[in-house]
**Q** 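Can you keep this structure in mind? I'll have questions shortly.
One-based numbering, in listed order, for ligands and for the atoms of each.
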Amino acid sequence: MTAAPSVTLRPVTRDNFEAVTDLELHPHQREYLASNSYSIAQASFYPNYHTRAIYAGEELVGFMMFVVLDGVEDEEGEYGIWRFMVDRHHQGRGLGRAALQALLDEIRSDPAACKVWLSYVPGNAVASSFYGSFGFVDTGIDEEGEMVAVLDLTMQPVA
Ligand SMILES: CC(C)(COP(=O)(O)OP(=O)(O)OC[C@H]1O[C@@H](n2cnc3c(N)ncnc32)[C@H](O)[C@@H]1OP(=O)(O)O)[C@@H](O)C(=O)NCCC(=O)NCCS
């Protein structure tokens with residue numbers, strides 16, 4: 001049996017953005033998040049929005065966008081993971097788990113990082129148990145009907 005390819009997060013650039021916009025979800029998952037095109041457009045207007053392409057080896061398999069929250073309503077060091085998807089052809093291979101771990105490692109490299117927020121559609125059972133396994137705790141439904149969850153980085157990570 002061959003080992004799973006290593007997962008890396010790379011910037012979205014002029015060389016890979018079209019491939020990122022071509023990544024696909026299963027039809028029932030499309031309501032779970034905005035399109036990658038929309039996210040890339042958003043990130044072009046807000047310097048605190050950061051996009052990442054997920055690679056397994058040299059193969060593009062997914063997309064993430066995280067946000068350094070602005071410190072107005074939030075404390076310094078609060079982050080949001082606002083988009084996260086693995087292409088439908090590559091789901092269920094452990095790549096999403098490796099990508100989320102890599103992004104949390106990147107966020108933890110900021111000494112000021114203290115909390116990571118995200119939200120998901122309450123009916124998305126995979127997302128609920130998946131994020132919970134990283135230590136995210138549900139905090140309640142927001143005004144858009146999404147479940148908000150938070151990870152406290154000041155707690156020791158679960159081994
Ligand atoms: C959530 C998502 C990013 C996970 O990516 P992935 O590469 O499939 O994840 P993994 O293979 O690493 O699996 C992660 C966990 O989810 C579970 N899982 C993944 N797909 C599943 C499915 N269709 N049904 C049930 N469980 C599933 C796995 O069992 C795994 O749990 P484990 O590590 O304890 O075994 C991917 O399913 C996705 O893109 N979903 C649609 C978009 C979405 O919901 N984004 C998150 C909310 S914004």
**Q** Considering only heavy atoms from C-beta outward, does the side chain of Tyr32 approach that of Phe84 to under 4.5 Å?
**A** no
**Q** Under 4.0 Å from atom 35 (O) of ligand 1, is there any protein heavy atom?
**A** no
**Q** Which of the atoms of ligand 1 are close to Met85, meaning less than 4.0 Å from one of its heavy atoms?
**A** 39 (O)
**Q** Within the structure, does at least one protein heavy atom fall under 4.0 Å of atom 21 (C) of ligand 1?
**A** yes
**Q** By number and element, which atoms of ligand 1 are closer than 4.0 Å to a non-hydrogen atom of Arg93?
**A** 11 (O)
**Q** Just wondering, do Tyr79 and Asp110 contact through their side chains at under 4.5 Å, heavy atoms?
**A** yes
**Q** So which of Ala98, Gly96, Ser133, Ser128 gets nearest to atom 5 (O) of ligand 1, if we judge by its closest heavy atom?
**A** Gly96
**Q** Less than 4.5 Å apart, side chain to side chain, heavy atoms only: is that true for Arg52 and Arg10?
**A** no
**Q** Applying the 4.5 Å side-chain criterion to the ILVMFWY set and letting contacts propagate, would Val148 and Val137 be lumped into a single cluster?
**A** no
**Q** Where the closest heavy atom to atom 33 (O) of ligand 1 is concerned, which of Glu24, Gln29, Arg97 has it?
**A** Arg97
**Q** Shared ILVMFWY cluster between Tyr46 and Val12, side chains joined below 4.5 angstrom?
**A** yes
**Q** Given that the side chain starts at C-beta and the backbone is N, CA, C, O, which of these parts of Phe130 lies under 4.0 Å from ligand 1, counting heavy atoms, or is it both or neither?
**A** side chain
**Q** I need the minimum non-hydrogen distance between Leu9 and Ala99, along with the two atoms involved.
**A** CD1-O, 4.0 Å
**Q** Check ligand 1 against Asn124 and write out every atom of the ligand that is under 4.0 Å from a heavy-atom position of the residue.
**A** 43 (C), 44 (O), 47 (C)
**Q** Is it the side chain (CB and beyond), the backbone, both or neither of Val121 that lies under 4.0 Å from ligand 1, heavy atoms counted?
**A** neither
**Q** Considering only heavy atoms from C-beta outward, does the side chain of Ser133 approach that of Arg97 to under 4.5 Å?
**A** yes
**Q** With heavy atoms of Tyr32 as the reference, note each atom of ligand 1 found under 4.0 Å away.
**A** 44 (O)
**Q** Does the protein put a heavy atom under 4.0 Å from atom 41 (C) of ligand 1?
**A** yes
**Q** Can you tell me if Tyr131 contacts ligand 1 (heavy atom of the residue under 4.0 Å from the ligand)?
**A** yes
**Q** Is Arg83 touching ligand 1 with its side chain, its backbone, both, or neither, if touching means heavy atoms under 4.0 Å apart?
**A** neither
**Q** Give the residue and atom name of whichever protein heavy atom lies nearest to atom 37 (O) of ligand 1, and the separation in Å to one decimal.
**A** Gln91 OE1, 3.6 Å
**Q** Below 6.0 angstrom between ring centroids: does that apply to Phe134 and Phe130?
**A** yes
**Q** What is the closest protein heavy atom to atom 11 (O) of ligand 1, and at what distance does it sit?
**A** Gly94 N, 2.8 Å
**Q** Is the distance between the ring centroids of Tyr49 and Trp82 less than 6.0 Å?
**A** yes
**Q** To check your reading of the model: name the closest protein heavy atom to atom 45 (N) of ligand 1, its residue, and the distance in Å.
**A** Phe84 O, 2.8 Å
**Q** Just to be sure I'm reading this right: ignoring hydrogens, which of Leu25, Val126, Val7 gets closest to atom 18 (N) of ligand 1? Compare them by their nearest heavy atoms.
**A** Val126
**Q** Is there side-chain contact between Ile107 and Leu153, with at least one heavy-atom pair below 4.5 Å?
**A** yes
**Q** Among all protein heavy atoms, pick the one closest to atom 39 (O) of ligand 1 and tell me residue, atom and distance.
**A** Val86 N, 2.9 Å
**Q** Tell me: protein heavy atom nearest atom 8 (O) of ligand 1, and distance?
**A** Gly92 N, 2.9 Å
**Q** Among Phe66, Phe17, Phe63, find the residue that satisfies the side chain to side chain contact (heavy atoms under 4.5 Å, CB included) test when tested with Thr51.
**A** Phe63
**Q** For atom 27 (C) of ligand 1, is the nearest protein heavy atom closer than 4.0 Å?
**A** yes
**Q** Can you find a pair of side-chain heavy atoms, one from Leu33 and one from Leu25, that are under 4.5 Å apart?
**A** yes
